[in-house]
Amino acid sequence: MSYANNQRNSGEVKKARPARTLTVTLLITAIFYGVAIVIGATSINLGLDLRGGTSVTLQPRLEAGQEGQVTPESIDQAVAIIRQRVNSLGVVEAEVTAEGTGTNRQIVISVPGETGRRIVDLVGQTAELRFRQVLVEAGAVPTSEDDSLLQGSALTSDQIAAFKALDCSKPESLAGRNGDDANSPLVTCDREGGARYVLAPAQVIGSDIKGATAAIDQQSASGWFVSLDFTGDGTKKFGTLTQNVVNLPAPQNQVAIVLDGVVVSAPRINEAILGGSAQITGSFSQLEAQDLANVLKYGSLPLAFDRGEVQQVSPTLGNDQLVGGLLAGGLGLLLVVLYSLFYYKALGSVVIGSLALAAAHVFLLLFLLGEWVGFTLTLAGIAGTIVAIGVTADSFIVYFERIRDEMREGKPFRVAAETGWQRARRTIIVADLVSVISAVVLYIVSVGSVRGFAFTLGLTTVIDLIIIFFFTKPMVSLLAKSKYFQSGAKWSGLSPRSVGLVTAVEGKVA
Amino acid sequence: MKYSGLGGRLYRGETSLNIIEARRKWYALSAVFIIISMFSLGIQGLKLGIEFKGGSSFIVTTTSGTVEEARQTVAEAGYQGNTIVQTIGNDKIRIQTGVLETAQSNAIQDALAAKFGVTVESIDTQNVGPSWGEEISKKALQGLLAFLICIMIYLALTFEPKMAIAAIVAVIHDVFITIGIYALVGFEVTPSTVIGFLTILGYSLYDTVVVFDKVRENTRAITSTGKATYAEATNLAVNQTIIRSLNTSLIALLPVAAILFVGAGLLGAGTLKDLALSLFIGLIAGTYSSIFIAAPILAALREREPAIKAHNQRVLARKGGAAPAVAANPVARKKKRRK
């Protein structure tokens, strides 16, 4: 026969013992499952979109000319500080990670459960704390008296305009404004939205603080407050500041405590404070006081951040999505199985076996990766595996159709299973590599849910390659030895009718 | 012969679809689609989700609440901008607003919780900043370009450079068609749509690779056989792989259809639906383009090569200038002797 010159390749095939390959494949799978069970990796880490929780993605905020400030070091530092803040809330399983590269780095904070709002408020604060002398204090809304208030103040016309335009009754005026310049005056609101201020340049800043604790004053009923300890340098600076303002007329005898550009409180200074400690009062709740103390204690972030995306998923929706994802996966698998049986009849059982083993491998890797690298499965990740069912099934079709092609040329199944494989192998490798390349590219250039999708898609494509080489092919070789398939029985999927040839002789005549 | 199935007849060339010969028809068909796509893109543009343009979305689970109540509640909570309110499934209402500050978002959450008698934590909320969309759009575009370049290099190395070109043209074709359908129908574009879309590009190439692999096999020694022109040999390859192509596409569509069914039917909206919809549209476009665009373009490109030109003339001369529908069977047998 003219395919004899393929024997150079199929020489190895002849030596190959399909039964042994199959046994080894199944044995290795079983061993890994054993390992997974022994190290306790028997559950999959579910993403927040599948079990509920809050995730916040922070983007570094860049003013013009600041691009150079986003360095891996500054991002790592920010991650460390945010992690401490989140941990200070006592939330277990909170995760803070950096994603992306270069100036596109983002920080992603994921917190399971229902602590949403506090996390969102807390993590994005740059916590730039400043002590500024109050120059002008006025009501929340601009009035006609503004002009007389501003008279005699050394403000620029821009600042005057900003003050007149500021309406502290609007929520957006109270959003933390990061990056206020410590060396110039500041026009801002208090955090309750009840007053407008013009403040002098900062004389004491966050790094002058040594420690902060939340405390409650039972006697004076002033509620929760935060007490601060200054560093040696800070003590001196704060002493000078208070000494300078103590004898000035109101409101200039007040020192505003400004956090992220918003006035937390602006107490009147009754006497110079030289002892190196101070208190921030401001009708705090216990939580607020503790959060503020933590933020101050753990320092300010090296960069200002915007909340790029905030997602709060309730456990109910999470569960719905998980059930939906699993249902779609099961349904997809069932449809593919039915189609394979319909089209390939008994040969379809190989598809079912391969898909079952592929599924077992996917679960195994999700267990192990979850344990080893903390891999988390998201809804997009589930979708990736479902889509991969199609890719996996495709490689079987490529192989089976090749076998049929070979049979159309008159070869018996036993031979066609091998020669068809020689040709299908290449196509499958090339096509799967295209899939892997796209998954890798997607993974590298993307963030968030896209990554989860790319990861599982790439993973399952690699599994597909392993399965088809070490399970599907040996399986077909085994079947090729059976009388049932060799005879081309009606339901074998290889009958002359299925293959599309009446007899080998007629096929050749045509 | 009545038993020999379509697959067998196509394989042996007994039944032949003149796909390559009729290429001008496919080009024209695709050109019409692409022109319609570009027009609808130019006029209507894409309907971008809040992830791209910034904004907030709140999903409240309630069986008694109405869309109108939700709209009113948001307005009373102090948000004056445009809101899109819609019901999802049986028991959910989704409210989409423009970009909100955290304080505003909290106020709306509180108001909705009070109005519909649910806890704040049970409201599914998403807040997207204005510059976030820019960021992910940029990433998606980078991804697309990086992907095309990588694949082009890879295909040029594994196949022939001209196959890489034809495959990329087919992929770009799919990109235009899919975007056009989104613009035309007004489906919402979310990051999940983009994921699906990028996956499709990979899949479309996968499909093209399967066809081209056969083309290469059939045309490897073409100039030494003299029995078929390049176009005829390519046409046979397309015919031989068409059943396989339809099969693989159908089987890839099945799980996608399952995701679409669950995503759109049971969950109502979100990741699964958006992903599956773009996969569904793209898969169909990808299958079409592998057969009807990529292969004809490859034939056209190759036929301009002097060697192939001369070969085609020899073949046609031998056949007395009559262009046969197909002279393919000999080629199919020839390949046994290759290598």
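Per chain, numbering begins at 1; letters A, B, ... match sequence-line order. Just so it is clear, the model here is predicted, and its values are computed rather than measured. Just so you know, these numbers use all the heavy atoms, side chains as well, and skip hydrogens, waters and symmetry mates.
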For each of B:Ile50, B:Asn127, B:Leu100, tally heavy-atom pairs with chain A at distances under 4.5 Å, and name the one with the top tally.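 If we count pairs closer than 4.5 Å to chain A, B:Asn127 comes out on top.
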Do you know which of B:Thr61, B:Val128, B:Asn106, B:Leu275 has the most heavy-atom pairs with chain A at a distance under 4.5 angstrom?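 Among the listed options, the one with the most contacts to chain A is B:Asn106.
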Heavy-atom proximity to chain B below 4.5 Å, by part of [X]:
{"X": "A:Ser55", "value": "neither"}
{"X": "A:Gln59", "value": "side chain"}
{"X": "A:Thr316", "value": "neither"}
{"X": "A:Leu338", "value": "neither"}

Does A:Tyr343 reach the side chain of B:Ile251, with side-chain heavy atoms less than 4.5 Å apart? no
Side chain to side chain, A:Leu379 and B:Leu272, heavy atoms closer than 4.5 Å: yes
Worked check of side-chain contact (heavy atoms from CB on, under 4.5 Å) between B:Lys214 and A:Arg402: CA-CA 10 Å; B:Lys214 191 77 185 169; A:Arg402 273 294 188 173; 3.5 Å; yes
Please name the pair of heavy atoms, one in A:Ile429 and one in B:Tyr154, separated by the smallest distance, quoted to 0.1 Å.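 Result for this residue pair: O-OH, 4.4 Å.
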Nearest heavy-atom pair of B:Asp213 and A:Arg423: which atoms, and what distance?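 Scanning both residues completely, I find the closest heavy atoms to be OD2-O, 4.4 Å.
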For B:Thr190, what residues pass the side chain to side chain donor-acceptor pair (under 3.5 Å) criterion, not counting sequence neighbours?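 Testing B:Thr190 for side chain to side chain donor-acceptor pair (under 3.5 Å), a comparison that skips the adjacent residues, returns B:Thr193, B:Asp274.
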Report the residues that fulfil side chain to side chain donor-acceptor pair (under 3.5 Å) with B:Thr208, sequence neighbours left out, ordered by chain and then residue number. B:Ser290
By a 4.5 Å heavy-atom criterion (distance strictly below it), what part of [X] contacts chain A: side chain, backbone, both, or neither?
{"X": "B:Val120", "answer": "side chain"}
{"X": "B:Leu250", "answer": "side chain"}
{"X": "B:Leu279", "answer": "side chain"}

Backbone N/O of A:Ser314 and side chain of B:Asp124: donor-acceptor pair under 3.5 Å: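 Yes, because the side chain of B:Asp124 sits within donor-acceptor range (under 3.5 Å) of the backbone of A:Ser314.
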Atom CG of A:Leu335 and atom CG of B:Leu254: how far apart are they, to the nearest 0.5 Å?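 Answer rounded to 0.5 Å: 5.0 Å.
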Once rounded to the nearest 0.5 Å, what's the spacing between atom OH of A:Tyr339 and atom CG of B:Leu253? 10.5 Å
Heavy atoms only, distances under 4.5 angstrom: which of [options] has the most pairs with chain B? Name it, please.
{"options": "A:Ile428, A:Leu457, A:Asp432, A:Ile386", "value": "A:Ile386"}
{"options": "A:Ile437, A:Ile389, A:Ile382", "value": "A:Ile437"}
{"options": "A:Ala328, A:Gly390, A:Gly324", "value": "A:Ala328"}

Could you check A:Val387 against B:Ile259 for side-chain contact (heavy atoms from CB on, under 4.5 Å), going step by step and ending with a plain yes or no? CA-CA 9 Å; A:Val387 170; B:Ile259 305 179; 4.3 Å; yes
How about B:Phe261: does its CZ atom have over 12 heavy atoms from other parts shown lying under 6.0 Å from it? no
Give the intermediate values and the outcome of side-chain contact (heavy atoms from CB on, under 4.5 Å) for residues A:Gln312 and B:Ile59. CA-CA 10 Å; A:Gln312 287 163 268; B:Ile59 298 176; over 6 Å; no
Side chains of A:Glu309 and B:Gln126: donor-acceptor distance under 3.5 Å anywhere? yes
